[in-house]
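Reviewing the structure listed below.
Since we're looking at a predicted model, the values are computed, not measured. Just so you know, ligand 1 is whichever comes first in the structure, and atom 1 is the first atom listed for that ligand.
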Amino acid sequence: MNANKTSGAYTAENIKVLRGLEGVRKRPAMYVQGGTGIDGYHQLLTEIIDNAIDESLAGYADTVEVTLNADGSASVTDNGRGIPVDTMEREGRPAIEVIFTELHAGGKFDSGAYKVSGGLHGVGSSVVNALSTDFMAEVWLDGKHHRIRFHNGEVVEPLNVVGPAPKKKTGTRVTFHPDMSVFKDIEGFDYARVRRRLRELAFLTGGVKIVLTDERGDTPKTETFQEQGGVAAFAKTLAQGGELLYDKPLVMSGTASVQTDQGMQDIEVDVGLVHNSAYGQTILTYANMITNRDGGTHLTGFKSAYTRVLNNYARSKNLLKKGDPAPTGDDFLEGISCVISVKLPDPQFESQAKVKLLNPEAQSAVNSVVYEKLTEELEENPRIGRQIIEKAAQAARAREAARKARDLVRRANPLENDDLPGKLADCQSEDPSVSELYIVEGDSAGGSAKQGRERRFQAILPLRGKILNVEKANIGKILKNAEIRAMVAAIGAGIEGTGDDSHFNLDEVRYHRIIIMTDADHDGSHIRTLLLTFFYRFMRPLIDAGYLYIAQPPLYGVRIGRQRDMRYVYDEAALVELQRKNRDKRFEIQRFKGLGEMNPEQLWETTMNPETRVLKRVTIDDVLEASETFEVLMGTEVPPRREFIETNAHLASIDI
Ligand code: 0R9
């Protein structure tokens, strides 16, 4: 140890520090949002990234690099000022050491009003240090390359100069290896997850260059994210796939000074929005760059100002036809893709998971910025104003038509009479927790499934041909579609997303496993995507509850040598492997082109028997990616859709 410089300081101060970090090691879940599972593990990286982003938001860094190293560690580098390395008088230790060993040390230095990090949602760099077997910080400053290293939070190599810094280079790099005895059974950083967050940060920072490198595979992979367009570009990306109503997104940005318990405070508001030809709405909300899944006060502020401005605009420009139903707030939101980002000094959230923002001042800030700027935007772009109003008027007419259609559906709807669709072969059990519904492509596979099933708890609903693309149809048409009505009636819990007071009631779902069973070919994957789109838009809670599955039928049946039993093979790679292993035996391969080619016993054995089948559960952990995927797949642009389906037969970007 480089004793001379530091030994005097390692006294009472040091003991206090160790006690702090000891507490973190004893009860990590108390300090890390997401606990000691996969979420908490990624939160460590998020924390370090956020510190680098803070330096760029402060205007001193323009590049942040994140590297997933081959040894399981991660490095984050910024080209900012460099964490101060000089000795702090009061502590008798270098500032950089204090930062990484004192709990909440960040607070003391907080100068910027709304840092992403600094205890607002992060765990503090010192917590990352405490929970890392190895932690190294390097600083390039004043022409020198400084380094300090820790093990389980304790200094093992005090701050030293290890060489010169390249000319004019300044910045900070943190490299850490999470303690795998704390974060158990975790395979490492999930590239897709890290990528998603970095991409989001690139949009939200509007210009910071973010470079992600994965060194873990055979060939390193690097991606760069830089989005000068900020929230507007973000909104446009969300809307991709659908035909844009207008090309240039509307932007509402400004700082509002609002009254709070702590006196006047400045809140930064950035909103970007654009409309496309689709019917759903995608609105993402952020407070200090933290995503708030359930919205909150910023969303409320946005909706009220947005509706008010558009209503005023429609009225003052005489854009609504006589006799048309008046558009509601939801009508104005049809087809919208919108990103709302606020930055405020003291964000309050409903829960640890920060899914909902509570600060009332965020509501008034967003309300006033959106009211003022949207009014201006519409005055400057009257064509866009007219298009939005026309789309809302159409939505209102469709809603009215849908209400009438629904009344018809209700009257004729077996649902209401507890009656079930004729095509459904229901199961005997009435206990949803053990009941399964197979939604099967085609009547012939449906027939095999009906014969092959275990009727005590397995129900079969055959669908004829392609189901309606709900992304492209209006709600009236959707509700009249026979296949969709059969699914809704069989599942028994209604639908949501129709823009009125109808809703989906998870408690009434008749099966806790709803299994999509389609052929293992292109058509099958298209039908599966159409079904997923339907469930995503109209029965989303079913997915959130984990009730939706995809069956995995085999691609081949194989007999090897003189064996009588057929072996089932589920992908090409497995077939090749089997052939390789049995090179000397002469092979009998049957390719199953569709489910209908299997007899009832085969279908049971390979795809339906709970003892042997493989099911993939459908989960959506990221609305951004899901929306993008669905819109690429279901929007009006055909070539990207074809290509996507053909290259992603398993819907790679939906986590299943
Ligand atoms: C790789 C991840 N990056 C960081 O963790 C990081 C922290 C940091 C920093 C400063 C500059 N770059 C940084 N990168 C900094 C901040 C301030 C003054 N000088 C340099 C300041 O906030 O006034 N620091 C964050 C906290 C501290 N530095 C400090 F508390 F040590 F000053």
Side-chain angles (χ1 to χ4, degrees), residues 13 17 20 42-69 73-132 134-150 153 155 158-159 165 168-178 189 194 197-198 201 205 208-213 288-289 343 345:
E13 199 47 55
V17 166
H42 283 86
Q43 184 59 38
L44 302 187
L45 180 56
T46 298
E47 175 61 29
I48 304 295
I49 292 170
D50 286 353
N51 289 322
I53 293 287
D54 278 346
E55 183 66 358
S56 65
L57 288 183
Y60 298 102
D62 61 13
T63 304
V64 172
E65 290 170 38
V66 177
T67 304
L68 309 177
N69 299 311
S73 66
S75 300
V76 181
T77 311
D78 67 56
N79 64 346
R81 290 166 290 178
I83 300 181
V85 290
D86 42 330
T87 302
M88 294 174 72
E89 231 171 76
R90 204 169 60 80
E91 312 264 349
R93 300 181 297 146
I96 187 167
E97 188 185 312
V98 176
I99 272 284
F100 290 124
T101 51
E102 289 261 18
L103 282 179
H104 304 304
K108 284 193 224 168
F109 307 92
D110 269 352
S111 45
Y114 11 80
K115 292 184 162 210
V116 183
S117 60
L120 291 185
H121 70 111
V123 293
S125 315
S126 56
V127 171
V128 182
N129 183 19
L131 299 176
S132 297
D134 295 291
F135 187 106
M136 168 169 79
E138 293 164 90
V139 171
W140 291 268
L141 185 65
D142 295 334
K144 294 181 195 127
H145 179 186
H146 308 259
R147 189 174 73 194
I148 183 167
R149 302 179 83 132
F150 306 83
V155 179
L159 186 69
K168 286 200 177 158
K169 179 180 165 107
T170 61
T172 305
R173 175 183 295 148
V174 168
T175 301
F176 69 100
H177 196 300
F189 293 105
V194 176
R197 174 65 181 157
L198 294 180
L201 282 171
T205 56
V208 177
K209 181 172 159 190
I210 303 178
V211 184
L212 171 61
T213 303
N288 294 4
M289 310 220 189
K343 301 203 184 86

With a cut-off of 4.0 Å, which atoms of ligand 1 are near a heavy atom of [X]?
| X | answer |
| --- | --- |
| V76 | 1 (C) |
| I48 | 2 (C) |
| P84 | 19 (N), 20 (C), 28 (N), 29 (C), 31 (F), 32 (F) |
| G82 | 11 (C), 12 (N), 20 (C) |
| T172 | 1 (C), 12 (N), 13 (C), 14 (N) |

Which option, I83, D78, T77, V66, owns the non-hydrogen atom nearest atom 8 (C) of ligand 1?
I83

Judged on heavy-atom distance to atom 19 (N) of ligand 1, which of R81, E47, E102 sits nearest?
R81

Residues two or more places apart in sequence or in another chain: which of them pass ring pair (Phe, Tyr, Trp, His ring centres under 6.0 Å) with H146?
none

Counting only N and O atoms by type, is there a donor-acceptor contact under 3.5 Å from the side chain of S132 to the main-chain atoms of V128?
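Side chain of S132 to backbone of V128: a pair is present.
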
Flag the pair V174 / F135 as yes when at least one side-chain heavy-atom distance between them is below 4.5 Å, and no otherwise.
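Touching, per the 4.5 Å side-chain cut-off.
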
Assign the ring pair F150 / F100 to parallel, tilted or perpendicular, where the plane angle (0 to 90°) is split at 30° and 60°.
perpendicular

For T67 and L212: C-alpha separation, side-chain torsions, deciding distance, then whether side-chain contact (heavy atoms from CB on, under 4.5 Å) applies.
CA-CA 6 Å; T67 304; L212 171 61; over 6 Å; no

Tell me, which pairs form a salt bridge (Lys or Arg N to Asp or Glu O under 4.0 Å) where one or both residues lie in residues 137-147, sequence neighbours left out?
E138-R173, R147-E157

Within the structure, is a non-hydrogen atom of G80 found at a distance of less than 4.0 Å from ligand 1?
no

